[in-house]
Amino acid sequence: MSSLDTIPVTTEVATGNVEPLLHEIRHALKRLAEGKEGTVIDLKRLPLAPGEEERIAATLGTGEVRADVDALGPTLIQETSYPGVWLITHKNADEVVVARFIEVTYIPELLRSQQADIDAGINRLENELKN
Amino acid sequence: MNTEAMSLQDFRGKLREMSVDIPGRDLTDDDRVRRAKRAFAQKLNGHRAVDMDTCLQCGMCAEACHFYEATQDERYAPVYKFRPLRRFYRREMSPMRWFYRAFTRDITVADLKEWQHLVYDACTGCGRCDMICPMGIKISAAIRVMRHGLAGAGFVPSEMRIIRDEQRDKNTLFGVGAEQLKALVQKLGAEGINVPLDREQADVMLLTTAIEVLLFPDAFAATAKILNKAGADWTIRSDAFEAANVGIITGDDPTMILAIRRIVEKANAIGAKTVLMPESGHAYQTLRWEGANEMGERLSFDVISIAEFVAAEVEAGRLSLKTQSNGASVTYHDPCRLSRKGGVTQQPRDVLTALGLEVRETTSNQRENYCCGGGCGEFVLKSAADLRQKAFEIKKHEIDETGADAVVTGCSNCRVNLMIGADNSGWQTPVTSLVETVAANLAD
Amino acid sequence: MTLLEFASGPGLQWALWIFVFGITWRVVGAVFLLSRKDISKPRHTNTISAGLGAVWSRSSPAHAFEKKIRFQHVTGYAWHFALFISVLFFAPHILFFESLLGFSWPHLPNTIILITSIIATAVLIALLIRRATHPVQRFISNADDYISIFVVLVPLLTGILAFAHFGARYETLLAVHLLSVEVMLIWFPFGKLMHMIMTMPARFQAGTAFGRRGVKA
Amino acid sequence: MRKDQNLGEYLRMQGVSRRGFLKFCSATASLMALPPSAVSQVAEALATARRPSVIWMSFQECTGCTESLTRSHAPTVESLIFDAISLDYHHTLQAAAGHGAEAAREAAMEENKGEYILVVDGSIPNGNNGYSTIAGISNHDMLIEAAENCFAIVAVGTCAAFGGLPNANPNPTGAVSVSEIIKDKPIINVSGCPPIPVVITGVLAHFLTFGTIPELDALGRPAAFFGQNIHDRCYRRPFYERGQFADTFDDEGARKGWCLYKLGCKGPTTYNACATLKWNQGTSFPIQSGHGCIGCSEPNFWDKGGFYDPISAGQWGSRDALLGAAAAGAALGVGSALAARARKKKAQAAEEI
């Protein structure tokens, strides 16, 4: 794959979608702070130039919380340097990104333990104790 | 000089007398339309076709027309004045006639009646619109074809018909013929002004007009003095002195050609090298620019206007003028057919400057000059009196703005119009002629 | 066959054929009527340069006239410049012409084209309004005057919409734009759009006619 | 997965946690181009979804569509979707062959009468049925038979959707699309040559999730994927706006990644999701790789002039025809002028005054 990099094609293009996205995040954060609902943004739905997704991630930076979730392949949940803004990257078992979201919320839903899993856990623990 | 002239009031009375509705030709409506179309067809050529095919209907020509400006009547937009001709061209002569015929209506006798007012009363053919047209369309030429068509259809206004018939049938105008000229020459002779009448051989053949003989004999006398002073070998023929051409004014070709032929044949007979045109714009235009074309052969003599003659003689040193130094100022009124349509624009100004006069230009001058209001025979039409006066007011306003002491012009027709206008409105600025001004200042 | 295929194929071909056929028909038919040679003695003999002079000088009216026609003078220039820039220097248009002519020329940035096309549209609408309201223009106008404005206005509007991808799918907008241009091409020889071809000859003949009389046209 | 199991139960049995299921739902919603707010709806629907039976038929095709699909994202999310459907017949992928395979197809059709989804790739030769047959049955007849009791048809690839390459001029086999033969069933066209694999799975996910036909555009394509043209979503669009174009494939503009409009890019008239979903695990798409869009998801893309002809280029026809038009015009002009001149001469010669 490294040979691809030797092809002298450069793109210094900006689609102009990055800044509106950052504004959208700012508005979502304000709504959240006012006690309203959180927001999820699907990065795959935006036309972005090569490198722009990375630029967004770099602009948002990394914050205090980073969680690796292992469910149907790895998922990285990273709080950005702006508290309340989370970058969620779903990968499949082959480490290929299958979806990427920006979630503006206090805590991403996926981090919570799920009721069904808790119920299943109780069952398992009870079975463990029975044996 | 004190040559006895008909007073302006008497002349106006004479015009009023003429203004009777004499019965025209008895033609059916179909005949009139047919004859109008035939006349249009005679005159349509590549130039007119390109003009008709190029018009954008932008309406700018209205802004050049004194009659539109004076009345704001949109019917007086020059483009509208040749509408029937364009209609005819599009429907019957243009390359796409089959196409246009499907979408346009034919011209009717009602159209012709309506356009009689538009092309005789409301157009002096001054051609100012030709100058504004962004497409370079010769609107006045198209309107001239309109007059030709209306003449063919028997729609020449009766006053014009009277003088046309008079010129065609009697070779006189306003009753001025050989006898009247001879009487004037005699009178001038008594005053010591020699007029070599009816010489059989001469280099220069002078023409004059009935208007001059009647109203401005001083101008005629002035011309004679100038010619004598310049030492010209000249004559004027009592059988072919009339420079005016009512044929071209009315749109009547046979009369026009007849009047031209009378002059050309006589000039050829006496071996004239030059035919000298008096102060008459349309007469100059007719012989100078149409003569050869209407006769179908090049003229054997030069046609020059008296203004050109004087300017050339002064420059050549054959005519010396007294230079005034009293700071008098004049404005020169360009007769449209002499300047815009004739190219004689600089010469009269040179002559006036040589006389030491300050020449003040009107805002619109030379090729953009406003018409006097009564050109192209319009001054004989009673029905055009109001329009004429309104157009005159525009001219008057521009002259007043110059603050000049007097108006000098090179056309007796313009002069009589300006005088009638002044008479109507109590305007005091003197109106005089170029030749009279020159003759009064000939150096000894 | 989709609308776009029709518009950029047979529609275009037929429109161009009619355009070329109509123009030659009308120009040849008018000029071939011929005029008699003027045999009066010319005051100036260099009538060619007088003719060319008029082609140029009629682009700027004399001062005495200009005051009265300033609106038309200014809008006339604005319209033609904006139109020609929009038509001739928009990259897709150049590709369009290149596919016919076989050569191309540099284009201008789209922002400039967008501005000129909006100016052209605005001016044309202003001219349309003037024609419908100014006493003289309204009075002398006939169907040709309105049709000619309309067939030029529509390509401008559809062109701007196609450029902005606004109102419908791009291929539909492009097809409608092309079709509107085709309508214009077909109307061209029959109406006064012909002035694009005729203006220069008309001015030239006026220049020569005046020039031989010693008058600056 | 048992046929009477729903998807929720199945996933739990596979040891997929609720968290994993939510992740699956998020990815599926994203795949179907649904807004993130629809995830809970998707989760609810998927938990109780029944596995649909799918019969896949390949007619006049190159197997590119199947190749595209099988090379889509490796396991996990999409494979789960495939696990969740019952692919009862696919003659490229199935192990069974010959009469056994045909028997399985017929059995599945009988068992799921009115409920199975028929996926078709390839066009159908309508000129002579003998051009393409399977087990002695012509494509035409097999399609009609299979379509009779299906719930809906997914026409995968431009061949099935619009006729595609076999349909290209001069179309020797008389190839037609599915929709030209089947008129009484809902048909979803997933066009593209090949289609974007995740679009195929996205459509199947929609069936799985909602059991309904997704919203379609005028050409019967899922609006979620085909609703916008490449040009509008292309990251090189700003270059177009600025009028910066590559003139050749190796000039400065090409190296700088400028707009490929002049090089014949069909992006403005092509409706597909390449510019956002991209190819090869989201690596790139043709324009990003420096080649204009050829418009493969549009009807007749093969016959719309050259791939390298700009969209705004016209098909002008021959120069001779133009010269002919000019000559005809000139002739008519001369003729009309001669006639007009004759009339003028006659008018001038008239004796009458």
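Here is how names work: the chains are called A, B, and so on, in the same order as the sequence lines, proteins then strands, and each is numbered from 1.
In this structure, no portion of Gln366(B) lies under 4.5 Å from any heavy atom of chain C. Contact of Val79(B) with chain C is made through the side chain alone, with heavy-atom distances under 4.5 Å. In this structure, the portion of Glu297(B) lying under 4.5 Å from any heavy atom of chain C is its backbone and not its side chain. For a residue to count as touching a neighbouring chain, one of its non-hydrogen atoms must lie under 4.5 Å from one of that chain's; by this rule Asp38(C) touches chain B with backbone and side chain alike. The part of Pro42(C) that comes within reach of chain B is its backbone (N, CA, C, O), which places non-hydrogen atoms under 4.5 angstrom from that chain. In this structure, chain C has no heavy atom under 4.5 Å from any part of Val303(B). For Asp302(B), the part lying near chain C is the side chain, with the backbone staying farther off; criterion is any non-hydrogen pair under 4.5 Å. Neither the backbone nor the side chain of Thr104(B) comes within less than 4.5 Å of any heavy atom in chain C. With a 4.5 Å cut-off on non-hydrogen atoms, Gln285(B) touches chain C through its side chain but not through its backbone. Residue Arg97(B) does not touch chain C at all, counting heavy-atom pairs closer than 4.5 Å.
Counting heavy-atom pairs closer than 4.5 Å to chain C, the top residue among Arg128(B), Glu69(B), Gln346(B), Lys138(B) is Arg128(B). Between chain B and the options Asn142(C), Val28(C), Leu193(C), Val55(C), heavy-atom pairs under 4.5 Å are most frequent for Asn142(C). Ranked by non-hydrogen atom pairs under 4.5 Å with chain B, the options Gly214(C), Ala206(C), Ala202(C), Gly76(C) are led by Ala202(C). No other option in Asn45(B), Val344(B), Asn293(B) has as many heavy-atom pairs under 4.5 Å with chain C as Asn293(B). Contact tally against chain B (heavy-atom pairs below 4.5 Å) for Met194(C), Glu66(C), His44(C), Arg212(C): the top residue is Arg212(C). For the options Tyr89(B), Phe103(B), Tyr100(B), heavy-atom pairs under 4.5 Å to chain C are most numerous at Tyr100(B). Heavy-atom pairs under 4.5 Å with chain B were tallied for Val136(C), Ile140(C), Val27(C), Ile69(C); the largest tally goes to Ile140(C).
For Arg367(B) (side chain) and Lys216(C) (main-chain N/O), a donor-acceptor pair under 3.5 Å exists by modelled atom type. Side-chain atoms of Arg298(B) never come within 3.5 Å of backbone atoms of Ser40(C) as a donor-acceptor pair (strictly under, hydrogens ignored). Side-chain atoms of Arg213(C) come within 3.5 Å of backbone N or O of Lys341(B) as a donor-acceptor pair. Here the side chain of Arg288(B) pairs a donor or acceptor atom with the backbone of Lys41(C) at under 3.5 angstrom.
Using a 4.5 Å heavy-atom threshold, the side chains of Gln205(C) and Asp51(B) count as touching. Side-chain contact check for Met135(B) versus Met200(C): every heavy-atom pair is 4.5 Å or farther apart.
Listed here is the closest heavy atom pair of Val50(B) and Val31(C): CG2-CG2, 4.2 Å. When all heavy atoms of Met96(B) and Trp25(C) are compared, the closest pair comes out as CE-CE3, 3.5 Å. Residues Arg26(C) and Pro95(B) approach most closely at O-CG, 3.3 Å, considering heavy atoms. Counting all heavy atoms, side chain and backbone alike, Asp53(B) lies closest to Ala30(C) at OD2-CB, 3.5 Å.
The distance from the CD atom of Glu294(B) to the CD1 atom of Ile39(C) is 9.5 Å, given to the nearest 0.5 Å. Atom OG of residue Ser94(B) and atom CG of residue Leu33(C) lie 9.0 Å apart, to the nearest 0.5 angstrom. With values rounded to the nearest 0.5 angstrom, Tyr80(B) atom OH is found 3.5 Å from Phe139(C) atom CZ. To the nearest 0.5 Å, atom OG of residue Ser35(C) and atom CZ of residue Arg48(B) are 7.0 Å apart. Between the NE2 atom of His195(C) and the SG atom of Cys55(B) there is a distance of 11.0 Å, given to the nearest 0.5 Å. Note that OG1 of Thr54(B) is 12.5 Å distant from NZ of Lys192(C), once rounded to the nearest 0.5 Å.
Between Glu63(B) and Arg70(C), none of the side-chain N atoms (NZ, or NE/NH1/NH2) sits under 4.0 Å from a carboxylate O, so this pair counts as no salt bridge. A salt bridge is absent between Glu74(B) and Arg138(C); no separation between the charged side-chain nitrogens and carboxylate oxygens falls under 4.0 Å.
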Which atom pairs, donor and acceptor, lie under 3.5 Å between side-chain atoms of residues 124-131 of chain C and protein residues at least two apart or in another chain?
unit_1    : atom_1 : unit_2    : atom_2 : d
Arg130(C) : NH1    : Gln137(C) : OE1    : 3.1
Arg131(C) : NH1    : Gln57(B)  : O      : 3.0
Arg131(C) : NH1    : Ser141(C) : OG     : 2.6
Arg131(C) : NH2    : Leu56(B)  : O      : 3.4
Arg131(C) : NH2    : Gln57(B)  : O      : 2.6

